[in-house]
Chemist: 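What follows is a single structure, and I will ask about it in a moment.
Every chain is numbered from 1, with letters handed out A, B, ... down the list of sequences. Computed from heavy atoms alone, side chains included, the values below leave out hydrogens, waters and symmetry copies.
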Number of protein chains: 2
Amino acid sequence: MVFVHTKTVSNQVDEILLERIREGMYLPGIRMPSESELSDEFGVSRATVRTALAKLAASGIILRKQGDGTYVNAHIHEASAQFGNLWDLVQLIEGNGYKPSIKFLTIEKRPACEKEALVLAIDKGEDVICLRRLFYADQQPVIFADNVIPYSLLKTPLESIDGSLHIREIFRNYFNQRIVFAITDIRSTVMDDLAGSYLSGGLGRSILQLQVVLYGRNNLPIATGVNIFDDAILRLSLAQAWF
Amino acid sequence: MVFVHTKTVSNQVDEILLERIREGMYLPGIRMPSESELSDEFGVSRATVRTALAKLAASGIILRKQGDGTYVNAHIHEASAQFGNLWDLVQLIEGNGYKPSIKFLTIEKRPACEKEALVLAIDKGEDVICLRRLFYADQQPVIFADNVIPYSLLKTPLESIDGSLHIREIFRNYFNQRIVFAITDIRSTVMDDLAGSYLSGGLGRSILQLQVVLYGRNNLPIATGVNIFDDAILRLSLAQAWF
DNA sequence: AAGTGGTCTAGACCACGGC
DNA sequence: CCGTGGTCTAGACCACTTG
């Protein structure tokens, strides 16, 4: 097998395996080829195959049983998120089977309030960028997102920001930052005026609030976010497998 | 270094490292020893050290930077759960800094309703065990848990079940099952009569509902659960790190 | 340039499950 | 018993960051 030199070998292996699972070449309930068979087939070492399989197992796509074999997990499609990845809203919407799109609402520069300053480890009153966006699942608005980012991190003019991009792209393109670590708080709350004006359904309805803090390369906070999540339309479900 | 033969070498290594982090021997912001230094110190291969470090990195305890080094994550203590482990309520309460305890409420055998039968992959009307418990954080009731398990899985008399045990123990002791895979749905809802009679706070209050399906060795569902979670007292926060 | 973590190899032995 | 995945070793080279 010839590998293109863009990704690691183990990554290419797990992509092939994922493709085969999606195609139905490996079916739930039937043993997949053993590690040795796969390493022979791909012409890589068994350790490399194991790296690829470990990645699939961690996200619950396959289940591995010592002394027996490796099996496709028949239930994984029931979960919309893996790995506790609650901040990647695009992936969350895709996981629910919808086509995600992002509508840019507003962007503004203003001084940080005390609470924001504390979380972002900046001084109170220091400038922050406040970015408001609305996420759609197919044509329905499902998540109202409010992000606050220290202005000092911005590397390009404020006006140049394309608010409809994936948050990862925004940080890469305009802030030269990479998201390394995230903490998400999940709360139950009721629909307020602001969120209610964008999301469907009545005021006072019970909804989910995801409070996110994103950290960058130096383990410093690079953004906070409050995401109002319409759980009447989107399911927030997490999968976890053990070894 | 002499290793006791009860756990794997890499497990013993990561426990030592965890201990050192807790003791403050490795501090946030200061580079930890390199992989080579650790493998020399412990007298194990670099691959074994990497296995241990990978485990710590996956739960966000350490952060690794290629070309630079490994650092203790200063922010990890802000999360109460890792790995999307939302079904282990005891761990969730501990993660919030409380002492967990479980109060057994009721246990009964009854026919499964249609919905339960569907989820548990059994026939409608087949017997299930319904186990209700209340989880305390210190002395406060914080989670009302309602579990439904197929009666056919039970290996001991119904009366022998100790409802105050950890769910993992219950499955091991009385069902001879191991929890291999779990899917948790998170919903926002309002306090109803049943939950309200156990948890503090008024009816109609906005609270979190965790709907769990647990799968066993054969990838068959072994239990469903509905956990009413008082997020006014407990924080549900998840950490996630990238590589 | 030096040192770090990231990837990969080719071996070895062990623990476990099904036959 | 045999084959499976689980662990471990001792090397090698690469990609990246920092001084």
Chemist: List the residues meeting side-chain hydrogen bond (donor to acceptor under 3.5 Å, both in side chains) with A:Ser164, not counting sequence neighbours, and say none if there are none.
Modeler: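 So A:Ser164 forms a side-chain hydrogen bond (donor to acceptor under 3.5 Å, both in side chains) with A:Asp162.
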Chemist: Report the residues that fulfil side-chain hydrogen bond (donor to acceptor under 3.5 Å, both in side chains) with A:Asn147, sequence neighbours left out, ordered by chain and then residue number.
Modeler: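 For A:Asn147, no residue satisfies side-chain hydrogen bond (donor to acceptor under 3.5 Å, both in side chains) once neighbours in sequence are set aside.
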Chemist: Kindly say whether B:Asp185 contributes a backbone atom to a donor-acceptor pair with the side chain of A:Arg235 at under 3.5 angstrom?
Modeler: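 Not confirmed, A:Arg235 side chain does not pair with B:Asp185 backbone.
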Chemist: Do any pairs count as a salt bridge (charged side-chain N to carboxylate O under 4.0 Å, His left out) and have a residue in residues 22-34 of chain B, sequence neighbours left out, and if so which ones?
Modeler: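 Applying salt bridge (charged side-chain N to carboxylate O under 4.0 Å, His left out) to every pair that reaches into residues 22-34 of chain B, excluding sequence neighbours, yields B:Arg31-B:Asp68.
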Chemist: Where the side chain of A:Ser45 is concerned, which of D:dT4, C:dT9, D:dC8 is the nearest nucleotide?
Modeler: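 Of the candidates, C:dT9 comes closest.
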Chemist: Who passes ring-ring contact (aromatic ring centres under 6.0 Å, His included) against A:Phe171, sequence neighbours left out?
Modeler: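 Partners of A:Phe171 by the ring-ring contact (aromatic ring centres under 6.0 Å, His included) criterion, ordered by chain and then number, come out as A:Phe175.
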Chemist: What residue pairs, at least two apart or across chains, pass ring pair (Phe, Tyr, Trp, His ring centres under 6.0 Å) with a residue in residues 53-75 of chain B?
Modeler: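 Passing the test, one end in residues 53-75 of chain B: A:Tyr215-B:His75.
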Chemist: Between D:dC8, C:dC8, D:dG5, which nucleotide has the shortest distance from any of its atoms to the side chain of A:Glu35?
Modeler: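 For A:Glu35, the side-chain atoms sit closest to D:dG5.
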Chemist: Would you tell me if any nitrogen or oxygen in the side chain of A:Ser34 comes within less than 4.0 Å of OP1 or OP2 on D:dT4?
Modeler: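 It does, given that an N or O in the side chain of A:Ser34 lies less than 4.0 Å from OP1 or OP2 of D:dT4.
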Chemist: Examine D:dC8: is either OP1 or OP2 under 4.0 Å from a nitrogen or oxygen in the side chain of B:Thr51? Give yes or no.
Modeler: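 No.
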Chemist: Would you indicate what B:Ser36 reaches in the nucleic acid, counting non-hydrogen atoms under 4.0 angstrom: base, sugar-phosphate, or nothing?
Modeler: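 If one applies the 4.0 Å heavy-atom cut-off, B:Ser36 turns out to touch nothing in the nucleic acid.
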Chemist: If the cut-off is 4.0 Å, is B:Thr70 near the phosphate of C:dT4, judged by side-chain N/O to OP1 or OP2?
Modeler: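 No, outside the criterion.
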Chemist: Please list, for nucleotides 17-19 of chain D, all pairs of protein and nucleotide N/O atoms separated by less than 3.5 Å.
Modeler:
from	atom 1	to	atom 2	distance (Å)
D:dT17	O4'	B:Gly67	O	3.4
D:dT17	O2	B:Gly67	O	3.2

Chemist: Enumerate all atom pairs, one protein N or O and one N or O from nucleotides 11-13 of chain D, separated by less than 3.5 Å.
Modeler:
from	atom 1	to	atom 2	distance (Å)
D:dA12	N6	B:Arg46	NH1	3.3

Chemist: Determine, stepwise, if the pair B:Thr48 / B:Ser45 fulfils side-chain hydrogen bond (donor to acceptor under 3.5 Å, both in side chains).
Modeler: CA-CA 5 Å; B:Thr48 304; B:Ser45 77; 3.2 Å; yes
Chemist: Which residues pass the side-chain hydrogen bond (donor to acceptor under 3.5 Å, both in side chains) test with A:Glu169, not counting sequence neighbours?
Modeler: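 A:Glu169 satisfies side-chain hydrogen bond (donor to acceptor under 3.5 Å, both in side chains) with A:Arg172 once adjacent residues are dropped.
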Chemist: Between B:Arg50 and C:dG6, is there a side-chain N or O to OP1/OP2 distance below 4.0 Å?
Modeler: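 So the side-chain polar atoms of B:Arg50 do come within 4.0 Å of the phosphate oxygens OP1 or OP2 of C:dG6, strictly under.
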Chemist: By salt bridge (charged side-chain N to carboxylate O under 4.0 Å, His left out), which residues pair with A:Glu15, not counting sequence neighbours?
Modeler: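 Scan of A:Glu15 (salt bridge (charged side-chain N to carboxylate O under 4.0 Å, His left out), adjacent residues dropped) gives A:Lys7.
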Chemist: C:dC8, D:dG6, D:dC8: which one has an atom nearest the side-chain heavy atoms of A:Thr8?
Modeler: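 Ranking C:dC8, D:dG6, D:dC8 by closest atom to the A:Thr8 side chain puts C:dC8 first.
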